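Every heavy atom of this structure was used, including side-chain atoms; hydrogens, water molecules and symmetry mates were not. Predicted model only: the values in this text are computed from it and were never measured. The sequence lines fix the lettering, A, B, ..., with proteins before strands; numbering per chain opens at 1.
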Protein chains: 2
Amino acid sequence: MTTIKEIAQRAGVGTTTVSRYLNQSPHISEQAKQKIEKAINELDYVPSASAKYLRKQETKQIGVVVSRITNPYFSSLFNKIERILNQFGYEASIMQTYDNPIAERKIIDKLKNQTFDALLMASIEDKDYIKSVLQENGNKIVLVNETINGCEKDSVSVDQYTPVVSGLEYLNKNYGSEIVYITGSNFFENKHGNQRNKAYREFLQKHQYELNQNMIFSNAHNIADGKEIAQKLLVNSSLPNAIFTNSDEVAIGVIAELKSKGIQVPEEVAVMGFDDQPLASYVQVPLTTIQQPINALANNACRLLLNKLQVSNSLMNENLQLSLIIRQSA
Amino acid sequence: MTTIKEIAQRAGVGTTTVSRYLNQSPHISEQAKQKIEKAINELDYVPSASAKYLRKQETKQIGVVVSRITNPYFSSLFNKIERILNQFGYEASIMQTYDNPIAERKIIDKLKNQTFDALLMASIEDKDYIKSVLQENGNKIVLVNETINGCEKDSVSVDQYTPVVSGLEYLNKNYGSEIVYITGSNFFENKHGNQRNKAYREFLQKHQYELNQNMIFSNAHNIADGKEIAQKLLVNSSLPNAIFTNSDEVAIGVIAELKSKGIQVPEEVAVMGFDDQPLASYVQVPLTTIQQPINALANNACRLLLNKLQVSNSLMNENLQLSLIIRQSA
DNA sequence: ATGAAAGCGCTAACAG
DNA sequence: CTGTTAGCGCTTTCAT
């Protein structure tokens, strides 16, 4: 392993000068520069990351926390974030929790142990814990499309309430009042924190529909979960008019299972997705879904983070709005 | 920032003892243990990663290089790799090149600067460069489903030649001899390195079909590329019998464009995917495709890497085989 | 424009 | 079972 010392010796200068060269400090003689460059090339020298980090007490690395990278909403969001952050001299890494609070804690440890200078969290498991971390490290975490009561200033998020109400009203008007509701959270435990769940509750209240536990499904995340829910629905004597899901992937699973049993979508049951993932328009029944403004979300999140880190930037605050995209599934 | 020294002071022991505690060394008195635990909790201490890495000259971090995380083949592969590596005390990070050799070099620098102890490369841009790196750091890189001439022992890969021939023969037999060929590489520059391209060339030769430049498309990677190729095809007076693609995403784009112009798939043009990505069976025309044995690939790659790193493991060498999955698109 | 030297937080001889 | 100390490779004061 080549070190700065060896480069210095070979170039016949001090380590300081090499370090200055590495950090493009201005005051170096052309001569020294040449010799250093030569030595670096000859020895294929790359400065040690950990030595630098230890000394500078910063890494310029940002962790982006998501529940799973296979979810296209998260991977698209990450791509956009990475590109923005790179422009400001930061590097981004995507970290997944697999919806597991223990994995989440390990990632938070990487903030505390200074692997990351800061974290962008697009997914949260243990709100109480994250809240406590936020108390200590308020300027090192930004929540992306996630909220914690009392931490509003650390969060960049789209109002989820209004579009969910619109989606439900759309379903109600066009397909009927029996609407199954699927969430990735736990509907009954998570009574207050979740805007989408709140929207469903209040939609029911407004129309004086009764809350039916059998029409609510929690903890759904992927295609397999969607299939499973559809199977449960299919054992009932009658099908609902519509199904409101929390993610396109879940919707895809629901539709696949329904169609495999000969049920027509949306004629017999309408299904609404969420996110508008890249493949939403290419699946067997193109998805009617609620689109996340991913680019604007990424932009605003990076803007808030850079401000917290006190790096000057000209990022503008973009308007965040979810919109209903009507295709064929509902 | 809390340091080991502060913990030592507060607990009334030396730093060594704290370090021993941190590294679960056996010889510590119960009393010391208690005091250290107390101090750690009170101060919310997490050991600095860079200090540890610098001192130990290893990070237990493995980088997994892919061209893009949004490609489900890569993200599924990464997930499997991550789980395996975790079992052996390593952590994995997914790094994307966006098909850009400069980004690739930056990732290689992270190997040289010791951010990563080793790299698993599922995607390669600059073969000559990677070959030279392999010469210096042969035991720190494993190629996953990529090959470089002369570096066979550093590579774990599925024979791509045979299944491509099978796929082409299948198309030829069922749909006719005019088969468009799409690759993610550059077909005409990359004459020898690519098994899939070689299979196409030899398929043509065997049947004495002529190689038609207009039927070959290079550098295709995603849905948009697929659409674009289909558009080019559509301006011709006659359509080919079939289209052989290099990835399900490209196939999805091709099919979407074709169908939007009223062309029936596979009746008018058959389309074959590649990879068997998770969504392959859920798209508008379920994809006939060639399945990558992702789990086995991940297993064998990790096995080779762990062996190179001299960590004992009981991973068995699994049989690697691509298989043709026939659904509806061809 | 350049160098000597201190020190970032940790681990591992070594000594006891 | 425990502590002292050197040193991993780098940046940064402080001289000159």
Closest listed nucleotide, where the reference is the side chain of B/Leu54 and the choices are C/dT2, D/dC8, C/dC10: D/dC8
Does A/Arg20 or B/Ser50 map to a spot on DNA chain C nearer the 5' end, using the closest nucleotide for each? A/Arg20
Nearest 0.5 Å, please: how far is CD1 in A/Ile7 from CG in A/Leu43? 4.5 Å
Whole angstroms only, please: what is the OH-C1' distance between A/Tyr21 and D/dG9? 19 Å
side-chain N/O B/Tyr45 vs C/dC10 OP1/OP2, d < 4.0 Å: yes
Measure from CD1 on A/Ile4 to P on D/dG7 and round the result to the nearest Å. 19 Å
Check the pair A/Glu6, A/Arg10 against salt bridge (charged side-chain N to carboxylate O under 4.0 Å, His left out), reporting the backbone distance first and the verdict last. CA-CA 6 Å; A/Glu6 298 173 57; A/Arg10 192 176 189 104; over 6 Å; no
Phosphate OP1/OP2 of D/dT11 contacted by A/Ser19 side-chain N/O (<4.0 Å): yes
Identify whether any heavy atom of B/Ala32 sits under 4.0 Å from a base atom; if not, whether one sits that close to sugar-phosphate; answer base, sugar-phosphate or nothing. sugar-phosphate
Considering just the side-chain nitrogens and oxygens of B/Thr3, establish if one lies under 4.0 Å of OP1 or OP2 belonging to C/dG9. no
Would you mind telling me which of D/dT4, D/dG9, C/dT2 lies closest to the side-chain atoms of B/Thr16? D/dT4
Using heavy atoms to find the nearest nucleotide of DNA chain D for B/Glu30 and A/Lys52 separately, return the residue whose nucleotide is more 5′. B/Glu30
A/Ser29 or A/Thr15: which one's nearest nucleotide on DNA chain C is closer to the 5' end? A/Ser29
Between C/dG3 (P) and A/Lys5 (NZ): distance, integer Å: 15 Å
Do the side chains of B/Asp126 and B/Lys131 get close enough for a salt bridge, i.e. N-O under 4.0 angstrom? no
B/Ile36 CD1 to D/dG3 C1', straight-line distance once rounded to whole Å: 12 Å
Can you check the B/Glu6 CD to C/dG9 C1' distance for me, whole Å? 11 Å
Please state how far atom CD1 in A/Ile7 lies from atom P in C/dG3, giving the value in whole angstrom units. 14 Å
Taking only Lys NZ, Arg NE, NH1 and NH2, and the carboxylate oxygens of Asp or Glu, determine whether A/Asp154 and A/Lys308 approach each other closer than 4.0 Å. yes
Residue whose closest nucleotide on DNA chain D lies nearer the 5' end, B/Gly12 versus A/Thr2: B/Gly12
Starting at NZ of B/Lys112 and ending at C1' of D/dC10, how long is that distance when rounded to a whole Å? 19 Å
For D/dG9, does either OP1 or OP2 sit under 4.0 Å from a side-chain N or O belonging to B/Gln57? yes
How many angstroms lie between atom CD1 of B/Ile94 and atom CZ of B/Arg68, to the nearest 0.5 angstrom? 12.5 Å
How many Å lie between NZ on A/Lys60 and P on D/dC10, as a whole number? 19 Å
